[in-house]
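The block underneath contains the structure these notes are about, expressed in structure tokens.
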Amino acid sequence: MRRITAVLAGALLLLSTSLVAGCADKSAQPAAASGAAEEPLHVGYQRFGGLSLVKARKAGAPGTTWSLFESGPALTEGLKAGAIDIGQVGEAPPIFAAAGKIDFRIIGTSAPVPKGEAVLVKASKGYTSFKDLRGKKVALNKGSNVNWLLVRLLEANGMTIKDIDVQYLKPADARPAFDNDQVDAWIIWDPYFALAETPGVKVLVDATGLANNREYLLVSPQALKTKPGKIREFLKTYRQVTDWGIANPDERVKILAPELGIPEDVARRALQRSAQPLAAITPEIGGELQQISDGFTDLQLIPVKVDIKARVDEQFSDLLR
């Protein structure tokens with residue numbers, strides 16, 4: 001049992017390591033001249049997100065650089081710093097980033113992934129519904145996709161955020177707090193979710209019927225000006241690799257497990273529920289994001305109303321349909 005715990009702890013440590021990308025100011029770069037060679041693309045990714053498979057298969061164009069981020073909010077900071085051109089996040093990070101005056105455009109999304117995030121509790125505590133967490137300590141990463149799931153869970157159960165004791169913790173801090181009963185519940189996404197599914201841990205509820213939990217592709221406006229060809233080329237590759245992974249789940253697991261630093265059975269469980277096809281960004285999906293944004297504003301989780309629909313850019317949607 002100690003050996004299993006050590007393996008999982010080591011895997012979580014690997015998952016929680018963030019690679020710091022260079023933060024050179026790209027604001028002074030001119031738009032690419034007609035016929036001029038474009039600079040390589042700088043890609044930000046998170047462990048397990050769809051981009052992980054592209055990186056693991058070394059499918060990016062020569063010169064593509066990769067920067068690892070622990071969470072969506074950290075990745076949007078990379079966009080702000082000019083360290084990356086493009087990256088993938090969940091539902092909430094674009095909204096919190098927009099509220100923080102970070103400039104970006106949303107150029108793609110995925111099919112819904114509602115089973116890829118959930119509320120975890122210890123089975124021994126006897127909780128049977130989210131209402132049982134009234135007055136309890138609930139951990140989650142602020143500004144990540146699970147932040148919206150929390151809002152929807154509160155609404156669905158006739159509760160407010162004041163009814164629980166929210167503990168804003170990053171995954172690397174939330175896992176030991178959960179394991180050691182310092183918090184009563186943990187709202188988390190894959191693959192951290194799959195890693196935490198050990199004996200005695202119960203899935204209280206996932207996002208089914210509550211949140212779509214899509215992935216979103218964000219790109220800097222500067223990259224749209226200077227690297228449109230590289231972006232288009234990258235999206236073609238991303239689509240091909242994603243489709244290949246869905247058609248070849250066993251091979252996908254064997255490639256991704258070492259990249260993620262987790263056992264194959266954990267990777268397989270997470271991928272079965274969380275790996276979804278890419279999808280084109282549309283005004284309707286922009287409206288879906290706007291609803292989330294307005295919900296955060298109403299609850300004063302963000303300080304200003306954000307027009308997230310205005311960030312939708314459909315110019316690459318032909319590649320993702």
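Throughout, numbering of the chain's residues begins at 1 and tracks the sequence.
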Would you call the rings of Trp186 and Phe178 parallel, tilted or perpendicular if under 30° counts as parallel and over 60° as perpendicular?
tilted
Salt bridge (charged side-chain N to carboxylate O under 4.0 Å, His left out) against Lys202, all qualifying residues, sequence neighbours excluded:
none
Measure the spacing between CZ of Arg175 and CG of Asn180 and express it to the nearest 0.5 Å.
10.0 Å
Would you check if Val166 and Val138 make a side-chain contact, meaning some heavy-atom pair closer than 4.5 Å?
no
Gap separating the CG atom of Asp163 from the CZ atom of Phe130, nearest 0.5 angstrom
9.5 Å
Would the distance check show the side chain of Ser144 and the main-chain N or O of Val146 forming a donor-acceptor pair, the cut-off being under 3.5 Å?
no
Give a yes or no on whether the backbone of Leu210 and the side-chain of Arg152 come within a donor-acceptor separation of less than 3.5 Å.
yes
In residues 49-65, what donor-acceptor pairs under 3.5 Å come from side-chain atoms, sequence neighbours left out?
residue : atom : partner : partner atom : Å
Ser52   : OG   : Gln46   : O            : 2.9
Ser52   : OG   : Phe48   : N            : 3.0
Ser52   : OG   : Gly49   : O            : 3.4
Lys55   : NZ   : Glu259  : OE2          : 3.3
Thr64   : OG1  : Ala61   : N            : 3.4
Thr64   : OG1  : Ala61   : O            : 2.7
Thr65   : OG1  : His42   : ND1          : 2.5

So, for Ile188 and Pro171, which heavy atoms are closest and what is the spacing to 0.1 Å?
CD1-CG, 4.2 Å
Can you name the salt bridge (charged side-chain N to carboxylate O under 4.0 Å, His left out) partners of Asp184, sequence neighbours left out?
Lys125
Taking side chain as C-beta onward, heavy atoms only, is Leu133 less than 4.5 Å from Asn157?
no
Asn213 CG to Thr208 OG1 distance, which is reported to the nearest 0.5 Å:
10.0 Å
If you measure from OG1 on Thr109 to CG on Asn212, what distance do you get to the nearest 0.5 Å?
9.0 Å
Any donor-acceptor pair under 3.5 Å linking the side chain of Arg214 with the backbone of Ser110?
yes
Mind listing the side-chain donor-acceptor pairs of residues 244-256 below 3.5 Å, one per line with the distance, residues two or more places apart or on another chain?
residue : atom : partner : partner atom : Å
Asn248  : ND2  : Trp244  : O            : 2.9
Arg252  : NH1  : Gly245  : O            : 3.4

Counting C-beta onward and ignoring hydrogens, is there a side-chain heavy-atom pair between Leu149 and Leu140 closer than 4.5 Å?
no
What distance do Ile106 atom CD1 and Ile285 atom CD1 have between them, rounded to the nearest 0.5 Å?
10.0 Å
Please round to the nearest 0.5 Å and tell me the distance separating atom CG of Asn147 and atom CG of Leu299.
9.5 Å
Can you list the residues that meet the side chain to side chain contact (heavy atoms under 4.5 Å, CB included) rule with Ala111, with sequence neighbours excluded?
Gln276, Pro277
Under the ring pair (Phe, Tyr, Trp, His ring centres under 6.0 Å) definition, can you give me all pairs with a residue in residues 277-304, not counting sequence neighbours?
Phe96-Phe296, Trp148-Phe296
Please list all pairs passing the side-chain hydrogen bond (donor to acceptor under 3.5 Å, both in side chains) test where one or both residues lie in residues 298-310, with sequence neighbours left out.
Asp294-Lys305
Test: side-chain hydrogen bond (donor to acceptor under 3.5 Å, both in side chains). Region: residues 87-103. Which pairs qualify, not counting sequence neighbours?
Gln88-Glu215, Gln88-Tyr238, Asp103-Arg105
Which residues pass the salt bridge (charged side-chain N to carboxylate O under 4.0 Å, His left out) test with Asp165, not counting sequence neighbours?
none
With sequence neighbours excluded, what pairs up with Arg239 under the salt bridge (charged side-chain N to carboxylate O under 4.0 Å, His left out) test?
Asp243
Determine which pairs satisfy side-chain hydrogen bond (donor to acceptor under 3.5 Å, both in side chains) with at least one residue from residues 310-321, sequence neighbours left out, and list them in order.
Arg232-Asp318, Asp313-Gln315
Please check if the side chain of Thr226 supplies one atom and the backbone of Gln222 the other of a donor-acceptor pair under 3.5 Å.
yes
Just wondering, more than 12 heavy atoms not from Gln182 lying within 6.0 Å of its CD?
yes
Partners of Phe316 by ring pair (Phe, Tyr, Trp, His ring centres under 6.0 Å), sequence neighbours excluded?
none
Within-4.5 Å side-chain heavy-atom neighbours: Asn141 and Tyr168:
no
Is the number of heavy atoms from other residues, nucleotides or ligands within 6.0 Å of NZ (Lys80) greater than 12?
no
Name the one of Val205, Thr198, Val203 that satisfies side chain to side chain contact (heavy atoms under 4.5 Å, CB included) with Leu120?
Val203
Exercise: identify the closest heavy-atom pair between Pro112 and Pro114:
C-CD, 3.3 Å
From the list Leu217, Leu79, Leu218, side chain to side chain contact (heavy atoms under 4.5 Å, CB included) partner of Val89 resolves to Leu218
